[in-house]
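Reading through the structure tokens given below for one structure.
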There are 2 protein chains.
Amino acid sequence: MFSMLYMRSVRDDRTARAVIRDEALRLFAARGPDGVSVRQIAAAAGVSPALVVHHFGSKEGLREVVDQHVLDTFDQALAEMTRPGAPGLYDPAATGSLAEAVLRHLPPDSPLPGYLRRLLLDDSEAGRTLFRRLFTVSQGVLSTLSQAGLASEGNDPAVRAAFLMANDLAVLLLRDRLTEVLGVDPFSPDGMRRWASEVIAVYGSGLLAAAPREEEP
Amino acid sequence: MFSMLYMRSVRDDRTARAVIRDEALRLFAARGPDGVSVRQIAAAAGVSPALVVHHFGSKEGLREVVDQHVLDTFDQALAEMTRPGAPGLYDPAATGSLAEAVLRHLPPDSPLPGYLRRLLLDDSEAGRTLFRRLFTVSQGVLSTLSQAGLASEGNDPAVRAAFLMANDLAVLLLRDRLTEVLGVDPFSPDGMRRWASEVIAVYGSGLLAAAPREEEP
DNA sequence: CGCGAGGCTGTACAAGTGTTTAGCATGCTG
DNA sequence: CAGCATGCTAAACACTTGTACAGCCTCGCG
């Protein structure tokens with residue numbers, strides 16, 4: 001009666017496999033792989049639990065596919081913003097914040113930040129890969145800024161690059177907590193502005209420098 | 001035959017209840033409450049699973065007791081190092097690192113840092129309480145340093161305090177990852193020295209300042 | 001048309017979960 | 001001494017978990 005094409009919603013032309021992957025991504029990001037059952041993923045995707053196993057072999061297999069998918073997506077975004085001539089990243093006024101830059105190119109309700117957060121925190125192979133990649137980028141940014149005379153690599157370039165990266169990631173890792181105590185989401189436009197302002201001030205001339213007058217637009 | 005006293009090991013005079021609590025603390029820190037079963041906790045404590053429930057009502061009850069225990073222990077350590085006249089914390093050369101200060105007063109294999117890490121990351125009531133407390137301390141330190149002329153509160157004191165706190169916590173949250181890319185545990189004596197050195201440099205005069213010559217003792 | 005392949009489901013199973021219950025043994029108290 | 005509370009265990013419960021199996025339906029190809 002209904003052809004395969006009509007099995008999928010008119011507004012959703014993804015294959016069932018892709019739907020499962022996307023729903024798993026969303027749920028894994030929110031509750032972690034151990035906090036979500038195959039049945040819940042299947043229900044969210046509107047399929048039977050057995051189909052999940054059919055397409056991905058096992059729950060662990062699904063996790064690996066989602067990990068790789070997220071890593072690929074992230075790499076793509078990263079390549080786009082570190083390509084020669086890309087604006088912003090090497091601008092000292094941008095604080096070199098990778099997290100901020102990536103977030104900007106994502107829909108506000110994207111599950112990707114949450115998933116990346118878990119990758120960085122849980123110790124998985126994909127997480128280690130991601131972290132190494134980020135560290136390399138951080139070292140590259142610092143080196144470039146240094147050669148341009150916009151920053152110093154310090155006595156311990158590796159540690160300085162790690163310090164800057166860790167500070168950057170901290171906002172992603174503690175987002176909800178910071179939102180609570182500050183009363184503003186640090187990833188919202190307003191939050192980003194306020195956060196970046198302080199980061200620039202401290203990175204620019206240290207904690208001791210007197211606060212310059214706030215400029216009103 | 002054997003009195004109750006001899007039921008406990010000669011070298012361990014804790015009550016069974018305390019043993020269970022401590023083992024739960026250790027296992028929760030390592031794998032998270034959801035990653036540990038009541039049976040595993042009981043086995044680690046050398047008791048039956050039913051005794052865990054007998055003493056704590058439920059697994060959730062046990063978690064709450066452990067949460068409170070950790071919070072109490074932490075508050076005690078915090079009170080000790082923020083008491084008037086305590087050395088170090090307000091010393092600008094100490095970077096005001098709370099994490100570092102607390103870590104120093106703990107045995108190297110203590111499960112407490114790991115548990116605190118989870119409290120900060122998972123969103124539980126105890127975690128929110130802990131985070132608020134830390135934020136208050138951070139605000140206090142910044143304010144004190146400011147009044148002493150050792151730092152500026154910046155245009156946005158709340159955000160600056162949050163920034164400093166988040167940076168501090170990032171090392172705790174990403175410890176394993178940082179250890180991998182740097183080749184040194186940032187909480188080891190050597191790691192602390194290298195990390196603190198860069199933090200002091202950046203907080204002292206910003207990223208741009210030329211690196212001063214490394215002083216050899 | 002016939003027929004195989006693949007997407008897909010319903011059912012079942014073994015293992016592990018948190019928790020309940022009944023009961024044992026010990027030490028304290030009347 | 002009698003009796004009771006307490007610390008503790010073994011067994012069983014109801015439930016959820018991941019996964020295997022058998023079979024249905026529809027499409028595409030000969």
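Residue numbers begin at 1 in each chain, while the letters A, B, ... track the order of the sequences. In this text the structure is predicted, and so the values were computed from the model without any measurement.
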### Query
Are Ser37(B) and dT17(C) close enough that a side-chain N or O sits under 4.0 Å from OP1 or OP2?
yes

### Task
Provide, to the nearest angstrom, the distance between the NE2 atom belonging to His55(A) and the C1' atom belonging to dG6(C).
9 Å

### Task
Determine, for Arg132(B) against Glu125(B), whether the closest basic-nitrogen to carboxylate-oxygen distance falls under 4.0 angstrom.
yes

#### Entry: Separation of dT19(D) P from Leu62(A) CG (nearest whole Å)
10 Å

### Task
Provide the closest heavy-atom pair for Arg31(B) versus Val36(B) in the form atom of the first, atom of the second, distance.
CB-CG2, 3.8 Å

### Query
Can you check the Lys59(B) NZ to dT20(C) C1' distance for me, whole Å?
18 Å

### Query
Atom CG of Leu51(A) and atom C1' of dT11(C): how far apart are they, to the nearest Å?
16 Å

### Task
Determine, for Arg104(A) against Glu100(A), whether the closest basic-nitrogen to carboxylate-oxygen distance falls under 4.0 angstrom.
yes

### Query
Counting side-chain heavy atoms from CB outward, which of dT20(C), dT9(D), dT19(D) is closest to Val47(B)?
dT9(D)

### Summary
In whole angstroms, the gap separating C1' of dT17(D) from CD of Glu60(A) amounts to 15 Å

### Message
When you measure from the side-chain N and O atoms of His54(A) to the phosphate of dT9(C), is any distance below 4.0 Å, counting only OP1 and OP2?
### Response
no

### Message
From CG of Asp34(A) over to C1' of dT16(D), roughly how many Å is that when rounded to an integer?
### Response
14 Å

### Query
Looking for any heavy atom pair under 4.0 Å, which part of the strands does Val52(B) touch: base, sugar-phosphate only, or nothing?
nothing

### Closest approach of Ser124(A) to Arg63(A) (non-hydrogen atoms, all atoms of both residues)
CB-NH2, 4.2 Å

### Atom pair distance, as rounded to whole Å: CZ in Arg14(B) and P in dG7(D)
17 Å

### Message
Do Gln68(A) and Asp72(A) pair up side chain to side chain, a donor and an acceptor below 3.5 Å, judged on atom types alone?
### Response
yes

### Query
Expressed in angstrom and rounded to an integer, what is the separation of Arg31(A) atom CZ from dT16(D) atom C1'?
14 Å

### Query
On DNA chain D, nearest-nucleotide positions of Ala50(A) versus Gln40(A): which is more 5'?
Gln40(A)

### Closest-nucleotide ordering on DNA chain C, the 5'-leading residue of Arg39(A) and Ser48(A)
Ser48(A)

